[in-house]
Amino acid sequence: MAMRDSNAPDEGEAESRVLASGEGASVPPQAAVLTSQRPVLGIALKLCSTFTFASMAVALKITTESVPIGEIVFARNFFGLFPVLLLVALRGELTGSLHTRQPLGHVGRAMAGIAAMLFAFTSLKYLPIADSTAIGFAAPLFTVVLAFFFLGETVRIYRWTAVIIGFLGIVVILSPHMGGTEMSGDAWFGAAAAAAGAFCTAMAMIFVRKLCETERTSTIVIWFSGCASLISLLTIPFGWIFPDFAWVIPDAKTAALLVFVGLAGGVGQIVMTESYRYADASTIAPFDYANLLWAVLLSWAIFGDIPVWQVVAGALIVVAAGLFVIYRERALGKDDSRARKASSPLRP
């Protein structure tokens, strides 16, 4: 969840929503016809996108058993690019979407996003999906802190309190992985990776917030997937030194899962973007936490994993803190639709 720069000019609600169509930072008033207030449909689309991303997480966890993380990151971005390119091309916006005023900003965002994916996907290898997802919800809390330091946003006592409480929830989630003879070193490593992934996700969102000042939504998404695909190729040489990083030629089943990971990510991105056509970001954003529900259900149905009570309790604390931050954003008029929909989900 991205925070609006308090020094940035405020934008009209209709203009903010219309950016879900892929228009640029400057949108003519008549473009508002591309959106409509149909919050039930917007919420339904948002829930569909969270289920898609949870399904992607299941495929990710399966592939981590035989495919190195760098190769999975490449598949997620490379194959995820095709649905997005197809949609943009059908709208006749492909040429314009490739033009950018901030190429270095896109590269920085891609590097932060790659780091976030590497950590998040690593956590899925060592943790149940529900645990990894719950820890990943710390990203909005990190974003509040980073927005204060890097964007100069005014953060008052209410949001600071929510952030502190949210981080206490993360400590509760991490507690089973921080001690006790029943927890392995792998579980602790996975928990640390999930926390690092949440921090890198927040860093990526800071880049997105700055890019949204001048760039089209479609430009941000396309440049991210393209740059991330290229940067992830740099993990190939690591396999020459560390066998665990060596890319492999997957069998048919694993190859299909890798393609599914990418396509699910791309389709989920499109469905999420479409949800912002029909409702404000502050209306839709709370339903992002449905991802945790899907994660618990799918993890139990497919892997037989049931989260321990600390994970459930900590997740509820983090969700409550996140919802309060969203409420404060809405109360302060910081309904930042552009940054939300332009952010390719990094938390699986």
Side-chain angles (χ1 to χ4, degrees), residues 1-3 53 56-57 60-61 64 68-77 80 102 104-127 129 131-151 153 163 166-167 169-171 173-174 177 188-212 220-221 223-235 238 245 261 265 268-269 288 291 295 318 321-322 325 336 339-340 342-348:
M1 176 174 50
M3 304 291 121
F53 293 131
M56 181 184 74
L60 276 167
K61 185 169 182 61
T64 57
I69 301 299
E71 189 172 352
I72 298 174
V73 171
F74 171 78
R76 162 64 183 90
N77 290 287
Q102 300 188 53
L104 293 180
H106 288 290
V107 173
R109 185 270 173 106
M111 293 180 68
I114 283 288
M117 286 187 176
L118 287 172
F119 283 122
F121 295 177
T122 297
S123 74
L124 281 174
K125 182 174 183 177
Y126 297 106
L127 289 180
I129 297 175
D131 295 43
S132 177
T133 300
I135 297 171
F137 279 132
L141 307 176
F142 281 122
T143 304
V144 173
V145 178
L146 294 175
F148 172 78
F149 287 106
F150 292 102
L151 300 181
E153 179 181 332
V163 168
F167 283 139
I170 294 299
V171 172
I173 296 171
L174 291 174
H177 308 291
W188 162 242
F189 180 74
F199 178 82
C200 291
T201 297
M203 284 296 299
M205 289 306 300
I206 295 300
F207 278 103
V208 169
R209 179 64 195 94
K210 298 301 293 182
L211 288 169
C212 281
I220 296 173
V221 174
W223 269 76
F224 171 71
S225 295
C227 289
S229 297
L230 292 175
I231 294 173
S232 61
L233 292 175
L234 298 178
T235 63
F238 285 94
F245 289 90
V261 164
Q269 176 75 48
D288 186 47
N291 198 10
V318 174
V325 169
D336 199 346
R340 292 182 193 277
S343 96
S344 185
L346 305 176
R347 183 180 62 252

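Please read all numbers here as calculations on a predicted model, not as lab measurements.
- Between G136 and A198 the shortest heavy-atom distance is O-CB, 3.9 Å.
- Looking at residues two or more places apart in sequence or on another chain, you find a ring-ring contact (aromatic ring centres under 6.0 Å, His included) between F142 and F167, F199.
- The CG atom of N77 lies 10.0 Å from the SG atom of C227; values are rounded to the nearest 0.5 Å.
- Partners of F245 according to the ring-ring contact (aromatic ring centres under 6.0 Å, His included) rule, which considers only residues two or more places apart in sequence or in another chain, are F242.
- Remark: side-chain polar atoms of K125 are not paired, donor with acceptor, to backbone N or O of L60 under 3.5 angstrom.
- Across all their heavy atoms, A116 and G197 have their closest contact at CB-O, 3.8 Å.
- Proximity of T122 to F189: side-chain heavy atoms (C-beta onward) are separated by under 4.5 Å at one or more points.
- Atom CZ in R109 sits 12.5 Å away from atom CE in M203 (nearest 0.5 Å).
- F74 meets the ring-ring contact (aromatic ring centres under 6.0 Å, His included) test with F78, W247; sequence neighbours excluded.
- Applying the side-chain contact (heavy atoms from CB on, under 4.5 Å) rule to L118 yields the partners I69, V73, I114; only residues at least two apart in sequence or on another chain are considered.
- Note that OG1 of T201 and CE of M117 are 8.5 Å apart. Values are rounded to the nearest 0.5 Å.
- For E71, there are no side chain to side chain donor-acceptor pair (under 3.5 Å) partners at least two apart in sequence or on another chain.
- I170 contributes atom CD1, which lies 6.5 Å from atom CG of L141 (distance to the nearest 0.5 angstrom).
- Under the 4.5 Å side-chain criterion, counting only non-hydrogen atoms from C-beta, T143 is not in contact with R209.
- Annotation for I220 and C212: closest pair CD1-SG, 3.8 Å, computed over non-hydrogen atoms.
- A pairwise comparison of heavy atoms in S132 and S123 identifies OG-OG, 2.6 Å as the closest pair.
- The minimum heavy-atom distance linking A57 with L124 is given by the pair O-CD1, 4.1 Å.
- At least one donor-acceptor pair closer than 3.5 Å links the side chain of T64 to the backbone N or O of K61.
- Interatomic distance, D131 CG to I173 CD1, rounded to the nearest 0.5 Å: 8.0 Å.
- Taking all atoms of both residues into account, the shortest heavy-atom contact from L174 to A191 is CD2-CB, 3.5 Å.
- Here the straight-line distance linking atom CD1 of I206 with atom CZ of F149 works out to 11.5 Å at 0.5 Å rounding.
- In this structure, M56 and R76 have side chains that are in contact, with non-hydrogen atoms separated by less than 4.5 Å.
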